[in-house]
Amino acid sequence: MKAKIALISAIIFALTSMYVAVSKAEAGTTIKVYSERQPFLIKPLIDQYEQNSGNKIEWIFSKKGLVQKTILEKDNPVADIFLSADIARLIDIAEAGANVDIPIQDKVPTNLQTQDWTSLTMRTRVIYAHNKLNLNEISYEDLILPEYKGRVCTRSGFHPYNVSLFSALIAHHGEEWFEDYIVKLKANLARKPQGNDRDQIKAIYAGVCDLSIGNHYYYFKMMDDPNQKVWLDKVSPIFPNQDSYGSHVNISGIAIINAKNYDASLDFLEFLLSDEAQEIYANDNNEFPVNPNVSASERVQALANNAKFDPIDLQEIASNRKAVLDILQKINYDG
Ligand SMILES: [Fe+2]
């Protein structure tokens with residue numbers, strides 16, 4: 001009799017848990033995310049969100065073309081959200097009218113959001129220098145000095161990270177100045193632009209060049225990678241332009257691109273700005289949180305050492321992008 005009761009309760013228990021599992025899955029919404037970045041960077045955030053909300057995140061990754069895809073699909077969107085590692089892509093989407101307005105977020109400084117998109121994190125474009133140069137100070141403008149002829153490496157000038165930096169240079173100095181600058185920068189290159197940010201640091205380590213430009217968080221990614229850590233024996237990041245307008249800052253951000261799944265999408269967006277999620281961004285990704293309640297990780301703070309950041313408006317940077325692309329093309333920067 002006892003065994004029978006145990007068996008029956010076991011069956012009831014199994015049925016109840018099955019019911020709970022099914023109803024939970026039904027309650028959850030699937031939020032589709034377009035991203036040009038691999039999901040692993042933000043995986044801890046997705047896991048946390050799925051656990052908190054019962055919603056599911058479906059990650060659609062492609063290395064290229066998602067902005068164009070979003071714009072083509074704007075009347076019948078496939079994805080709900082566009083996650084971007086750069087301001088330019090968010091502006092392209094907004095200019096094409098492929099996004100849905102979002103409320104102004106009280107957790108984000110006003111200069112880092114519009115009703116079209118909001119920033120999630122900030123990243124600095126620093127200069128990586130060979131330690132033998134013994135530099136404490138350097139500026140983006142210094143990269144064209146004659147003494148650095150054949151000693152600079154960069155990735156493609158057309159990569160959004162560089163386009164954003166170059167757009168800021170136009171904002172500070174004007175187009176004519178920039179055209180002269182970029183010709184001289186090309187003349188100072190040790191090799192044709194190639195690879196990603198980390199490949200430039202590898203090239204400094206390998207003796208190909210002495211200076212490069214890269215985002216600050218790659219320093220920590222290399223430090224945490226047993227194969228890349230050794231590069232940092234010879235190379236150090238410097239926050240540029242501390243004697244002038246400060247180091248260039250770009251953002252990662254988010255736009256909602258589908259009205260149909262709006263509530264769930266906004267819920268995910270607000271989660272990414274929560275103290276909890278911003279802590280994960282700060283500590284796992286070593287980016288600067290936009291939410292002022294959350295500080296950068298200790299090691300980021302130690303590296304940045306209260307560095308001054310360029311306060312220029314992101315919209316102004318965005319407005320110079322076309323001029324940058326035209327000049328890069330004209331002088332064939334990558335060729
Ligand atoms: Fe990156």
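Whatever order the structure lists them in is the order used to number ligands and atoms, beginning at 1. Keep in mind the model is a prediction, meaning the values are calculated, not measured.
For the Fe ion (ligand 1), protein N, O or S atoms closer than 2.8 Å were enumerated as Tyr161 OH, Tyr217 OH, Tyr218 OH, with waters left out.
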Practice prompt. Let me see the working for Thr121 and Glu287 under side-chain hydrogen bond (donor to acceptor under 3.5 Å, both in side chains), right down to the final yes or no.
Written response: CA-CA 6 Å; Thr121 62; Glu287 296 183 63; 2.5 Å; yes
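The OH atom of Tyr148 sits 5.5 Å away from atom CG of Leu133, with the distance rounded to the nearest 0.5 Å.
Looking at Lys330 and Asp326, no side-chain N of the basic residue comes within less than 4.0 Å of a carboxylate O on the acidic one, giving no salt bridge. Using a 4.0 Å cut-off between charged nitrogen and carboxylate oxygen, Lys132 and Asp210 count as a salt-bridge pair.
Counting heavy atoms from C-beta outward, Ile57 and Glu50 have side chains that approach closer than 4.5 Å.
For the side-chain hydrogen bond (donor to acceptor under 3.5 Å, both in side chains) test with Ser247, the passing option among Arg125, Lys308, His216, Gln242 is Gln242; the others fail.
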